[in-house]
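Scroll down for the structure; my scribbles are underneath it.
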Protein chains: 2
Amino acid sequence: MNLKQLSEILGLSQTTVSRALNGYPEVNEDTRLRVQAAATKHGYRPNSRAKGLATGRSMVIGHVIPSSSQHEMVNPIFGDFVAGAAKKYAEHGYDMMFTNADDTSIERAYRDLFQRGAVDGVVLQGPKVNEPRIGVLSRMGVPFIVHGRATGVDGPYDWIDVNNKSSFQRATKFLIDLGHRRIALINGLEDMDFAQRRRAGYLEALHEAGIAPDPCLMRSAEMTEVYGHHEARAMIQMDNPPTAILISSMISAIGVRRALNEAGLKMGRDVSVIAHDDDLSYLKNGQDVPIYTATRSSVRQAGEIAAEMLIERIKSPDGPVQTRLLEAELVVGGSTGPAPDRF
Amino acid sequence: MNLKQLSEILGLSQTTVSRALNGYPEVNEDTRLRVQAAATKHGYRPNSRAKGLATGRSMVIGHVIPSSSQHEMVNPIFGDFVAGAAKKYAEHGYDMMFTNADDTSIERAYRDLFQRGAVDGVVLQGPKVNEPRIGVLSRMGVPFIVHGRATGVDGPYDWIDVNNKSSFQRATKFLIDLGHRRIALINGLEDMDFAQRRRAGYLEALHEAGIAPDPCLMRSAEMTEVYGHHEARAMIQMDNPPTAILISSMISAIGVRRALNEAGLKMGRDVSVIAHDDDLSYLKNGQDVPIYTATRSSVRQAGEIAAEMLIERIKSPDGPVQTRLLEAELVVGGSTGPAPDRF
DNA sequence: TTGTATCTTCAAAGCGCTTTGGATGACGAA
DNA sequence: TTCGTCATCCAAAGCGCTTTGAAGATACAA
């Protein structure tokens, strides 16, 4: 059923039917009701490609999934972020499109998506330090929003981010106040902007307390469970092991706990642990009592906000730059305690 | 840059340029090269909406993300499945579109997606027992593939699934052979088809061994970490606790381990545990030595296969029904051992 | 009665592409 | 010379929608 058929059934022109359905004022209310009834009855859905061609808008927002050859993995926060965004997209009548691209062709994938007219705007996830994609998108004139920020990229762009630095600074200070001096950082890949910021916060807190950072206590990699386990086990076996560990992800924190358990150490007593908690729906940090002391910030909520900001940008391409800095909450759970006296 | 402009630059007709770019034979090779060079130089990308309108195909495949009001969660396997599918879509020139729909409007969302001409086919994830969407899609004539199957739905349809029954039967038998008699099942929501099948496999193995199933040992809910923890803790405290636990998800298995640790029990010695492992990239079951004894089947690979099967279906809508049953591998790790003598 | 304003509807152009059905010219065969 | 055959290329129609510009109908004022 297309517009032409529907208008023939109704004995009206396509113009009138189209206007009736799209809420234009210059159509009689009786006519409008008749048209709407017929549309519902016959299950008419305007063809979105034709509509897009005619209006110049696609009502689709694009995301690019990087499929790196080195580490073929989907970030677990991906699902929650997308779910949050999708909800808002749906509310505003947008669909969401994904394209897969390998590491070498990500820029081209964004350019493609937009220049083909497939999307009205894009979301840029996981920005790296000096992220080149931001410049590319700016120059192209695509409406876009960055989930995160990119140190070293100047020029205005819309972003939403968690205050990674302050939350890790605060978490580190929390451990220092508990008497910890040897505090480890199990961080994400350090070319990722968020990881840089978290490390900066960590270092700053150490600096304020007059503690010299120990490079042996700072690790950086893709934040899997196995990685958390591996690094924690290695650190426990050091001559001068850390009494506290800061971890950039709940997933890796699970690995850390596994390593501690294997070594017969108790979290919160022998070793204190603070994790960053993205508040993933399938991986809540405990129910009533938090398992981990954690810096918490809902990535699903970030997805919702990002979606709304992007839609706003699409509506007014020349509007003021929008930025949004979310503060993570420090949730105190059972994984932290005073530093054990072992000196 | 559109086709018209490009053809004017080249001094050719739109027809010829279009044909040159799309590999039709009736165009001189020299001309084709000239056209291709100009297209690259000017960064010409055919507008996908226009192309779609003209060809009647959208080169997009649709997925629907359910956002239930009760349990607002994204299945963690979602990300990996999608990553696998996206890779194959990209190889075949397809994009992937997501629509969000709440529980009450999922059927309408699928209908919409297709009738609007937004997609050429859809993937149906997480089928329930008697899944009504399958009938809807069949009647609409959309090419689709089901990830999973639906007991109670007859009529042919394409699907790819893991042999849930046989893998859980085998895992249960493995535990029985180790001397376990009280074996618990921490399962997914039982209106989900996969959960039904897993339970069937579990029950059959018990039956074969002449063990009467105990309803107290069978739990069912959304498979979060917290759920695993909660159920395991409750079971441990029973008068006659299980000596082994079968868990439908790695995520919940983490919660189970947490509960065991809290109770001072050692996995594999005091309580044996087998989990189903979807081989998620961020949550591998250990590195060299598996953490858990597990029934393993890569959901990313399932995504890849599903994508290829769907594309095949789109190519030949009247081709034979395709089904694919993957056998899960039983990986033996450190979480299982002989039943403790406590009788 | 005529002119003007308002309401309602319509025909047709246009969005950017593919594809049908020729047109043109070159070339060799009859 | 004339015709058929290729090899190339093109004009124009059509995909299903929105939107411009206009027209018919009605009502009201002059």
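All chains are named by letter (A, B, ...) in the order of the sequence lines, taking the proteins before the strands, and each is independently numbered beginning at 1.
Contact annotation: Y24(B) does not reach the phosphate of dT8(D) (side-chain N/O to OP1 or OP2, under 4.0 Å). Side-chain nitrogen and oxygen atoms of T55(A) include none within less than 4.0 Å of the OP1 or OP2 phosphate oxygen of dT18(D). OP1 or OP2 of dC17(D) sits under 4.0 Å from a side-chain N or O of Y44(A). Applying the 4.0 Å criterion to OP1 and OP2 of dT8(D), one finds that T31(B) has every side-chain N and O outside that range.
Among the nucleotides dC10(C), dC17(C), dG21(C), the one closest to any side-chain atom of N47(B) is dC17(C). Closest to the T16(B) side chain, of the nucleotides dC9(D), dT18(C), dT8(C), is dC9(D). Comparing dC9(D), dC10(D), dT18(C) against the side chain of S13(B) picks out dC10(D) as the nearest. Side chain of V27(A), nearest nucleotide from dT9(C), dG21(C), dT18(C): dT9(C). Ranking dG16(D), dT20(C), dC17(C) by closeness to the T15(B) side chain, first place goes to dT20(C). If you check dT18(C), dC9(D), dC17(D) against the side chain of A50(A), the one that comes closest is dC17(D).
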Practice problem: Just do the salt bridge (Lys or Arg N to Asp or Glu O under 4.0 Å) check on D191(B) and K128(B) with the steps written out, would you? | Solution: CA-CA 6 Å; D191(B) 56 345; K128(B) 301 188 173 185; 3.6 Å; yes
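The distance from atom CG of L12(B) to atom C1' of dT24(C) is 15 Å, rounded to the nearest whole Å. In this structure, R19(A) places its CZ atom 8 Å from P of dT19(D), rounding to the nearest Å. As rounded to whole Å, 10 Å separates atom C1' of dG16(D) from atom NZ of K4(A). A straight line from CD of E29(A) to C1' of dC7(C) spans 13 Å, rounded to a whole angstrom. At whole-Å resolution of the value, CG in N2(A) and C1' in dT18(D) are 14 Å apart. Protein atom CG of L33(A) is 13 Å distant from nucleotide atom P of dT8(C), rounded to whole Å. One interatomic measurement links the two molecules: CD of E26(B) to C1' of dC10(D), which rounds to 12 Å at whole-angstrom precision. Atom CG in N28(A) sits about 13 Å away from atom P in dT26(D), given to the nearest Å.
At least one donor-acceptor pair closer than 3.5 Å links the side chain of S48(A) to the backbone N or O of R116(B).
Two residues, V17(B) and A54(B), neighbour DNA chain D, and the one matched to the more 5' nucleotide by heavy-atom proximity is V17(B).
The six-membered or imidazole ring of F78(A) lies near that of F98(A), with a centre-to-centre distance under 6.0 Å.
No side-chain donor from either of T15(A) and S18(A) sits under 3.5 Å from a side-chain acceptor of the other.
Note: H63(B) and Y89(B) have perpendicular aromatic rings, judged against thresholds of 30 and 60 degrees for the angle between ring planes.
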